[in-house]
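Reading through the structure tokens given below for one structure.
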Number of protein chains: 2
Amino acid sequence: MAKIDLIKDLVPIAQNTMADIVEKELRDYLKKKSFKPGDALPSELELAEALGVSRNVVREALSRLRMLGMVETRKRRGMILSRPDILGSFERVLDPLIIDASTLQDIFELRLTLEMGLADILYLRKTKKDLKELEAIAKSQEPKGKGQAFRISSEVAFHGKIYQMTGNDTLTRFQNMLLPIFGYVISLEKVPKIGTVSHIDLVNILKDGSKEEFRAGMMEHLKPHFDRLK
Amino acid sequence: MAKIDLIKDLVPIAQNTMADIVEKELRDYLKKKSFKPGDALPSELELAEALGVSRNVVREALSRLRMLGMVETRKRRGMILSRPDILGSFERVLDPLIIDASTLQDIFELRLTLEMGLADILYLRKTKKDLKELEAIAKSQEPKGKGQAFRISSEVAFHGKIYQMTGNDTLTRFQNMLLPIFGYVISLEKVPKIGTVSHIDLVNILKDGSKEEFRAGMMEHLKPHFDRLK
DNA sequence: TACATTTGATATGTAGGACATATCTACATA
DNA sequence: TATGTAGATATGTCCTACATATCAAATGTA
């Protein structure tokens, strides 16, 4: 008995490879020195010598940083620091098929949370032009009951537009990445549920109503999803 | 004139390296085949031959996937598919010093959005035990005006606990990663601003008040930050 | 037969050498 | 001034080699 408990507490010792170490070393190096994008870095050979590893190892570490967008490399020019695309690496991993059920559920909730929190910034930034466009989207979806595929693409278009109206590019991209997962979780439902507040209703609230009314409307719109949470 | 316009339209052609291609190839391969974690993958040499590249290139690509947590490797055992830590790669890049101002602002807003959207899930999951712990945190912060460092660590402890009360691990971790950036943006203020609703007030609302009251309270608590947004 | 030990094969981790290619610098030329 | 040439340099790719860890089979022992 005691043995099993002990084993459960044990975690595999971190078999850090040289590439892992060098990667971390380089990331710390880049952060500390407060470089600016465009600054040149030592060459691979210099790094290898300085760190006492082979050029292979350095290249593996650099390959990772390159993927993260932290550095760029040009022939002869050497390496230069660059601004990472903070969502880029996220995107690579965000696939419903390779994420465990518990995390999928977490992300589902994360998106619901965002949706409910949008009102304040939305009311700060919304414009007449955006409202018209949103209304056009909502109206084009009016003939309801066109099947699952149409329903999902409608949701994507409408809610995507709302995020875009916040003027926050990062938020908009982030939500776009979450969509496949959101869609996946919804597709697990047997019976598609629809809230009592429609897209058109939400548009009308946005036009004339208050933040609080919009939030209440969004809650009703998403109610079927919230009801699924325990 | 025409020449300059032409040049403006030109973008550098994507100099994809072999490692980039192989990385994408492998990711698609892993997704398509619907492997389960633990499944064994071909050896580096087999992959290299199958793709017609050197083992070096394959190793660079695999090194990236290893960083993302998509695969694990053991000597002799070969490679096995594993569940990526979706936030792990995010963490590597999330440093205020290497993110541009506009994205920092976006992330600042993202956190405000989350904070305002928490109410629904929070009221679904909060327990008496959690409330007590949250109250303890809030009370321990009562003697105000202990300087910037104490103020920030108080914010972190209190708001962190709220996220934890949602029972959503991904959300909690995500918020924790956003904290340095949030703190950084705040630290740019000359005069620290404090909302009219304190942590204690929020706890009291959580104990007896409604979701709507909590949301209103949180809005007041965060008002100084929202006022900074245009 | 059952179990423990040894041995060999295999895949990864690391090192180092080689060369093609792109591109920067300097110099030469019209 | 603009263009073209030559050399130097850093990356991109390939190859070979070997240490090490580990699985699997062979061997030895009770």
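Here is the naming used below: chain letters follow the sequence lines, and residue numbers restart at 1 for every chain.
Not a single donor-acceptor pair under 3.5 Å links the side chain of B/Asp20 to the backbone N or O of B/Asn16.
Atom P of nucleotide D/dG12 and atom CD of A/Glu60 are separated by 14 Å, given to the nearest angstrom. Separating the CD1 atom of B/Ile80 from the P atom of D/dT22 is a distance of 13 Å, rounded to the nearest angstrom. Taking atom CG on A/Asn56 and atom P on D/dT16, their separation rounds to 14 Å, with Å as the unit. The nearest whole Å value for the distance from the CG atom in A/Asn16 to the C1' atom in D/dA21 is 17 Å.
Figure legend: cation-pi geometry between B/Arg228 and B/Phe108, with NZ or CZ positioned under 6.0 Å from the six-membered ring centre and within 45° of its axis. A cation-pi geometry, defined here as NZ or CZ lying under 6.0 Å from the six-membered ring centre and within 45° of its normal, does not hold between A/Lys32 and A/Tyr29.
Evaluation of the side-chain contact (heavy atoms from CB on, under 4.5 Å) rule for B/Ala50 yields no partner, not counting sequence neighbours.
Inspection of the B/Arg92 and A/Ser89 side chains reveals no N or O donor paired with an N or O acceptor under 3.5 Å. Checked by atom type, the side-chain pair A/His199/A/Gln141 shows a donor-acceptor distance below 3.5 Å.
Residue A/Val53 has its side chain nearest to C/dA15 when only D/dT13, D/dC14, C/dA15 are considered.
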Is there any protein nitrogen or oxygen under 3.5 Å from a nitrogen or oxygen in nucleotides 5-11 of chain D, and what are the pairs?
unit_1 : atom_1 : unit_2  : atom_2 : d
D/dT9  : O4'    : A/Arg76 : NH1    : 2.8
D/dA10 : O4'    : A/Arg76 : O      : 3.4
D/dT11 : OP1    : A/Glu44 : N      : 3.4
D/dT11 : OP2    : A/Glu44 : N      : 2.9

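Partner assigned to C/dA30 is D/dT1, using Watson-Crick or G-U wobble distances below 3.5 angstrom.
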